[in-house]
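Note on naming: letters A, B, ... go to the chains in the order of the sequence lines (proteins, then strands), and numbering restarts at 1 for each one.
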There are 4 protein chains.
Amino acid sequence: MTPVRRSGPDLTEAIMRTTLELGQELGYAKLSIEAIAARAGVGKHTVYRRWPSKGALLLDSLLSRSASALDYPDSGDLRADLRRQIHEAVGLLAGGPLSPLFKSLVGEAQHDPGVAEALNERFIAPQAAKTVARLEAARDQGQLSPDFDLDLAMAILSGPLYFRLLITGEPLTPEYVDRVLDALFAGMAPRP
Amino acid sequence: MTPVRRSGPDLTEAIMRTTLELGQELGYAKLSIEAIAARAGVGKHTVYRRWPSKGALLLDSLLSRSASALDYPDSGDLRADLRRQIHEAVGLLAGGPLSPLFKSLVGEAQHDPGVAEALNERFIAPQAAKTVARLEAARDQGQLSPDFDLDLAMAILSGPLYFRLLITGEPLTPEYVDRVLDALFAGMAPRP
Amino acid sequence: MTPVRRSGPDLTEAIMRTTLELGQELGYAKLSIEAIAARAGVGKHTVYRRWPSKGALLLDSLLSRSASALDYPDSGDLRADLRRQIHEAVGLLAGGPLSPLFKSLVGEAQHDPGVAEALNERFIAPQAAKTVARLEAARDQGQLSPDFDLDLAMAILSGPLYFRLLITGEPLTPEYVDRVLDALFAGMAPRP
Amino acid sequence: MTPVRRSGPDLTEAIMRTTLELGQELGYAKLSIEAIAARAGVGKHTVYRRWPSKGALLLDSLLSRSASALDYPDSGDLRADLRRQIHEAVGLLAGGPLSPLFKSLVGEAQHDPGVAEALNERFIAPQAAKTVARLEAARDQGQLSPDFDLDLAMAILSGPLYFRLLITGEPLTPEYVDRVLDALFAGMAPRP
DNA sequence: TAGTAATCGAGACGGTACGTCAAGTCTTGTC
DNA sequence: GACAAGACTTGACGTACCGTCTCGATTACTA
């Protein structure tokens with residue numbers, strides 16, 4: 001039994017993997033850096049050297065698994081593209097096994113400004129920017145009323161979904177996503 | 001020196017008051033039942049007898065200060081009524097000194113199902129129900145398109161606001177509220 | 001279901017019975033007045049009205065079961081009488097189910113002067129006095145050397161037994177009692 | 001202000017010292033690990049890491065102060081040697097400022113088997129063994145009757161002393177020690 | 001016989017301490 | 001110099017009892 005001596009990026013990766021593993025088992029509240037370090041076979045120092053808090057560590061760990069969802073298609077059909085992208089995001093945040101951790105991370109952001117900022121900069125804002133960019137492309141092609149506020153459109157799209165996810169806890173079904181899309185398009189459609 | 005012996009409702013009220021006081025000073029994360037009990041001059045048991053967790057205690061404490069915001073006016077002018085009610089809620093949750101605590105409570109709800117449920121049943125759901133009821137009244141008077149989904153309308157109204165409050169952290173200005181209302185009414189208006 | 005209302009001596013008796021019951025189940029350390037009151041179906045006040053401490057309550061409870069052992073026979077045969085009496089006491093304190101409680105009570109007496117005094121006055125001293133009295137009777141009949149210190153004899157008899165009981169924990173067998181008696185009589189016998 | 005970081009044996013020693021200090025001030029019953037840790041400027045964990053219970057801690061603390069009393073002289077004069085050794089022990093256990101703590105420790109041993117065993121193995125048994133060894137040496141030199149049970153002799157010597165110390169509370173004077181010794185030697189003397 | 005006092009059960013109360021857990025810092029020795 | 005291991009102080013957890021204290025029933029004695 002050789003106690004493998006690892007270093008650098010390997011360790012970082014291993015710690016994040018362990019964080020997600022343990023996080024899924026215990027839930028965010030019972031997750032501790034102590035336990036993560038122990039399970040990963042790593043000194044606590046090695047964790048603290050890399051991340052300043054449990055929230056920051058979880059954020060990195062989650063994002064390392066979600067890079068894929070950031071791609072945005074442009075098939076020419078705006079509605080289909082939005083739909084597809086949202087479903088992908090919903091599947092990740094609301095459906096998959098990491099959903100509780102993601103929700104807890106948003107929770108943590110409520111009292112940890114560092115986490116809030118990082119979460120915004122590295123996940124929320126890029127996603128929003130891409131949605132807005134896709135909407136702009138559509139508007140430039142005359143598919144949307146030219147005077148509709150596209151930032152607002154993005155908020156009307158995202159808001160109700162996060163509202164369900166974080167507040168009412170109602171399920172985020174595909175039907176619900178479609179209903180939101182319907183309502184949004186009804187308001188955004190170019191007036192003849 | 002008479003060590004005043006308090007009981008029942010007095011104590012409950014005093015503990016909740018202390019909770020908000022200390023919560024504002026320290027923030028939710030550093031708030032502890034230990035400290036609350038000490039500051040309130042009360043045994044820890046006396047707190048635990050009443051509330052199962054820090055979150056539950058904070059929820060009660062906050063709600064005891066927010067009963068007022070629940071009233072909903074019906075002046076005949078739907079838009080004005082919605083506007084007024086939302087501004088009142090926003091002032092409470094996003095502007096006032098209790099705003100950070102309220103946000104943290106929503107955060108806590110992400111990993112404490114008990115808090116989530118109570119928050120929903122006692123604050124979110126009643127507010128939503130009143131909004132929907134107001135919308136129904138308007139629809140029955142022909143002010144709204146009869147086939148518009150009013151639950152969805154409520155979500156489109158609340159969603160973007162909570163999105164800003166909890167996720168992006170952008171300010172919840174009156175202008176923003178108006179923009180959301182505009183977009184909503186554009187979609188809900190009866191088609192000629 | 002009539003919640004029987006008891007009073008006075010009945011209650012006192014019932015509480016002591018419960019004390020011994022629970023004490024045997026839990027051991028002295030884990031025994032609490034709280035639990036005794038609950039098990040006896042009695043308010044805590046009702047216990048505190050009667051006894052000032054757990055030790056005092058246990059002392060009374062134990063003595064109420066040990067009155068019998070106090071009798072001392074005088075059959076004319078000193079050695080046989082001592083033997084019989086000691087065996088009876090040993091059976092009670094070192095063998096029976098109450099032995100651990102009795103030992104704990106002596107333990108309690110080490111830091112509770114009230115218990116120490118009561119234990120002495122109501123149990124130890126009377127027993128010792130009777131032993132000494134029996135020895136005096138024997139001496140007056142010429143069975144013992146007239147110049148032997150009878151208080152010391154009593155201590156040489158009791159000491160080694162309590163030493164085993166409380167300190168070394170070795171078993172208090174009949175053989176051991178006999179050995180002590182032999183040694184004592186060797187020293188006390190009248191010199192021809 | 002350098003918050004001196006101590007470690008290992010230093011800490012162990014400091015905690016034991018504090019234990020005796022506080023124990024003398026408060027008495028065993030009111031002594032708490034909480035208070036010891038606080039007074040020693042140490043985390044509670046640091047105490048619990050070393051000792052499983054208050055009793056175990058006190059035992060170690062007391063023994064660390066009593067190593068001296070264990071030596072046994074052999075001057076050739078058995079009686080004088082016994083006398084000297086017993087007086088030393090009595091001075092420590094019954095006279096000095098640690099006497100109440102020692103008595104309480106014996107009390108604790110009555111309901112904590114771990115303490116009982118450790119007390120026996122580390123204090124009582126070694127002392128007894130040395131006494132017996134000294135007696136054996138004397139017997140081998142013909143100073144004692146060859147058929148006298150030396151374990152019993154030790155018990156007859158110790159028993160009455162502990163009996164006074166723990167049970168009757170009468171003072172352990174030098175005269176009393178001498179009386180016990182006289183009686184013992186009367187029984188142990190070789191028969192002509 | 002009515003009124004009053006004592007006693008009861010129940011359990012809330014302010015405390016103190018328990019023994020556990022994790023936080024974040026620091027030290028030690030290995031690779 | 002990075003690492004594992006883990007000791008350290010700190011502080012909070014949630015629990016258990018302590019001994020005191022109300023609170024309404026009963027119950028029994030007194031007027």
Side-chain angles (χ1 to χ4, degrees), chain A residues 2-8 10-11 29-38 40-54, chain B residues 3-8 10-12 15 29-38 40-54, chain C residues 2-8 10-11 14-15 29-38 40-54, chain D residues 2-8 10-12 29-38 40-54:
Chain A
T2 327
V4 185
R5 193 73 177 211
R6 298 151 306 169
S7 67
D10 290 8
L11 271 181
K30 306 205 157 179
L31 186 63
S32 69
I33 289 187
E34 194 110 18
I36 292 168
V42 140
K44 284 203 279 177
H45 231 53
T46 306
V47 177
Y48 280 110
R49 212 191 317 276
R50 288 165 167 74
W51 296 276
S53 68
K54 185 170 70 160
Chain B
V4 185
R5 193 75 175 205
R6 297 153 307 167
S7 67
D10 291 9
L11 270 182
T12 302
I15 293 168
K30 306 205 157 179
L31 185 63
S32 70
I33 289 187
E34 193 112 19
I36 292 168
V42 140
K44 281 201 280 179
H45 220 51
T46 304
V47 177
Y48 282 110
R49 211 192 317 275
R50 291 166 164 74
W51 297 277
S53 67
K54 188 170 68 157
Chain C
T2 325
V4 184
R5 192 75 173 209
R6 298 149 309 167
S7 67
D10 290 8
L11 271 182
I15 293 168
K30 306 205 156 178
L31 186 62
S32 70
I33 289 187
E34 195 110 18
I36 292 168
V42 141
K44 283 203 280 179
H45 230 52
T46 306
V47 177
Y48 280 110
R49 211 190 317 274
R50 289 164 164 73
W51 297 276
S53 68
K54 184 169 72 159
Chain D
T2 327
V4 185
R5 192 77 176 204
R6 298 153 308 168
S7 66
D10 290 8
L11 271 181
T12 302
K30 305 206 158 179
L31 186 61
S32 70
I33 289 187
E34 193 112 18
I36 292 168
V42 139
K44 281 200 281 179
H45 221 52
T46 304
V47 177
Y48 281 110
R49 211 193 317 275
R50 290 166 163 74
W51 297 276
S53 68
K54 188 169 68 158

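Between D/H45 atom NE2 and E/dC26 atom P there is a gap of 19 Å when expressed in whole angstrom units.
Between D/G43 and C/P52, it is D/G43 whose nearest contact on DNA chain F lies nearer the 5' terminus. Heavy-atom nearest nucleotides on DNA chain F were determined for C/K30 and for D/T46, and the one closer to the 5' end corresponds to D/T46.
Side-chain contact check for D/K44 versus D/I36: every heavy-atom pair is 4.5 Å or farther apart.
Residue A/Y48 places its side chain closer to E/dA23 than to any other of E/dC18, F/dC13, E/dA23. Distance from the side chain of D/L11 is smallest for F/dC8 among the nucleotides E/dC8, E/dA23, F/dC8. Out of F/dA7, F/dG19, E/dG19, the shortest distance to the side chain of D/I33 is found at E/dG19. Nearest nucleotide to the D/E34 side chain, out of E/dA22, E/dC18, F/dA7: E/dC18. Of the candidates E/dA23, F/dC3, F/dC8, the closest approach to any side-chain atom of A/R50 belongs to F/dC3. Each of F/dC8, E/dG9, E/dG24 was ranked by its minimum atom distance to the side chain of C/V42; first place goes to E/dG9.
Taking all atoms of both residues into account, the shortest heavy-atom contact from A/A37 to A/V47 is CB-CG2, 4.2 Å.
Regarding contacts with the backbone of F/dA2, every side-chain N or O of A/R49 stays at 4.0 angstrom or more from both OP1 and OP2.
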